[in-house]
Amino acid sequence: MKKLVIFDLDGTLLNTIEDLGRATNYALEKCGHSAHPLSAYPGMVGNGVKKLIERALPSGLDTEEEVERAREYFKEFYEEHNTEHTAPYPGIMQLLGDLRARDIKVAVASNKYQAAVERLVDYYFPEIEWVAVEGQKEGIPVKPDPSIVFEILGKAPTPKSEVLYVGDSGVDMETARRACVDSVGVTWGFRPMSELKAYHADNIVNTADAILDLVLTDKY
């Protein structure tokens, strides 16, 4: 049985893609570039806002200066509109409640910048007691570097054999692998199942309640 479940945020707990896409398009247009269809953004997200901006900018124009300029516009828009089209995925609220009812610890590990992670978690999950809510911070490498997992374990010491990491992307599966904890890939997020398999997810689930079954199993 697992005692700590670490969740990715975007594409795992929350469907944030429309608000991310709208904020990025706002930044692109403010910088004089063309917007992308919202359907293009699932393939751009997952490595933090800076990488999202780099991927969204026209090829050859993704200079450090232009990325930073666009990122400021992104944050300007996103901080005002980041809950307009975002919502928890089906079954997530029930899952979190069931985990806490069994005294299983929960945490968030995201590549989104810290202030936005805190705001979204507080807004959508105000009744959940989290042992850690960790986003991207200056000076700390983003996932798949496992530092964020180790930071959580520092706040909530748990044997790695009793930790489960849940995410929707290859970045998440690689993070879990590098941290030496078991992983679960979810199919409702921003990346295809083929990516989860390519990055050797220990488990792949289609519904939130299946995560609870894995947490409670003795198979590990």
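When a residue number appears, it is its place in the shown sequence, counting from 1.
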- Message: Evaluate N111 against K51 for side-chain contact (heavy atoms from CB on, under 4.5 Å), listing each step before the verdict.
- Response: CA-CA 10 Å; N111 275 343; K51 182 60 69 173; over 6 Å; no
- Mind running side-chain contact (heavy atoms from CB on, under 4.5 Å) on T24 and H36 for me, showing each step along the way? CA-CA 9 Å; T24 307; H36 295 286; 5.7 Å; no
- Task: Run the numbers on F190 and T16 for side-chain contact (heavy atoms from CB on, under 4.5 Å), then give the verdict.
- Result: CA-CA 10 Å; F190 302 154; T16 56; 3.7 Å; yes
- Trace of the side-chain contact (heavy atoms from CB on, under 4.5 Å) decision for M173 with L196: CA-CA 7 Å; M173 301 307 99; L196 299 173; 4.1 Å; yes
Acceptor/donor pairs from residues 138-148 side chains to any protein atom, 3.5 angstrom cut, sequence neighbours excluded:
unit_1	atom_1	unit_2	atom_2	d
K143	NZ	D8	OD1	3.0
K143	NZ	A109	O	2.8
K143	NZ	Y165	OH	3.0
K143	NZ	D172	OD1	2.9
D145	OD1	S147	N	2.8
D145	OD1	S147	OG	2.5

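Rounded to the nearest 0.5 angstrom, T86 OG1 and D10 CG are separated by 8.0 Å. Atom CG of L61 and atom SG of C31 lie 10.5 Å apart (nearest 0.5 Å).
Minimum interatomic distance between E129 and V106 (heavy atoms only, all atoms of both residues): O-CG2, 3.6 Å. Here the closest non-hydrogen pair linking A132 and E134 is CB-OE2, 3.8 Å. Closest approach of E29 and A35 over heavy atoms only: OE2-CB, 3.5 Å. Nearest approach of P88 to Y124, heavy atoms of both residues: CD-CD2, 3.8 Å.
For the pair E76/E72, no side-chain contact is recorded, criterion being any heavy-atom separation below 4.5 Å from C-beta on. Side-chain contact between E195 and S169: present, with at least one pair of heavy atoms (C-beta onward) separated by less than 4.5 Å. Between I128 and V121, every side-chain heavy-atom pair lies at or beyond the 4.5 Å cut-off. Residues T83 and D19 form no side-chain contact, since every pair of their non-hydrogen atoms from C-beta on lies 4.5 Å or further apart. The side-chain heavy atoms of D98 and R102, taken from C-beta on, include a pair separated by under 4.5 Å. Side-chain contact between K75 and Y78 is absent, with no heavy atoms from C-beta onward closer than 4.5 Å. Using a 4.5 Å cut-off on side-chain heavy atoms (C-beta onward), V108 and F125 make no contact. Side-chain contact between L28 and L57 is present, with at least one heavy-atom pair separated by less than 4.5 Å.
K2 places a side-chain N or O within 3.5 Å of a backbone atom of S161 that can act as its donor or acceptor partner. Remark: the backbone N or O of A201 is not paired with any side-chain donor or acceptor of S183 at under 3.5 angstrom.
Between Y89 and W188, the ring planes lie tilted relative to each other; the angle falls in the 30° to 60° range.
At most 12 heavy atoms of other shown residues, nucleotides or ligands fall within 6.0 angstrom of atom OH in Y199. Surrounding NZ of K160 are more than 12 heavy atoms belonging to other residues, nucleotides or ligands, all under 6.0 Å away.
When the side chains of ILVMFWY residues are joined at heavy-atom separations under 4.5 Å, either directly or via intervening members, V186 and L4 end up in two distinct hydrophobic clusters. Residues I152 and L13 do not share a hydrophobic cluster, defined by chaining ILVMFWY side chains whose heavy atoms lie under 4.5 Å apart. Hydrophobic cluster membership differs between I104 and V131, with clusters built from Ile, Leu, Val, Met, Phe, Trp and Tyr side chains linked at under 4.5 angstrom. With hydrophobic clusters built from ILVMFWY side chains whose heavy atoms lie under 4.5 angstrom apart, V49 shares a cluster with L20. When hydrophobic clusters are built by joining Ile, Leu, Val, Met, Phe, Trp and Tyr residues whose side-chain heavy atoms come closer than 4.5 Å, directly or via intermediates, V205 is grouped together with L9.
Alongside Y73, the hydrophobic cluster contains Y26, F77 (criterion: ILVMFWY side chains under 4.5 Å).
A salt bridge does not link E84 with R22: every distance from a Lys NZ or Arg NE/NH1/NH2 to an Asp or Glu carboxylate oxygen is 4.0 Å or more. Checked for salt-bridge contact, E65 and R69 miss the test: no charged N lies under 4.0 Å from a carboxylate O. Note on E54 versus R71: no salt bridge recorded, every NZ/NE/NH1/NH2 to OD/OE distance being 4.0 Å or above.
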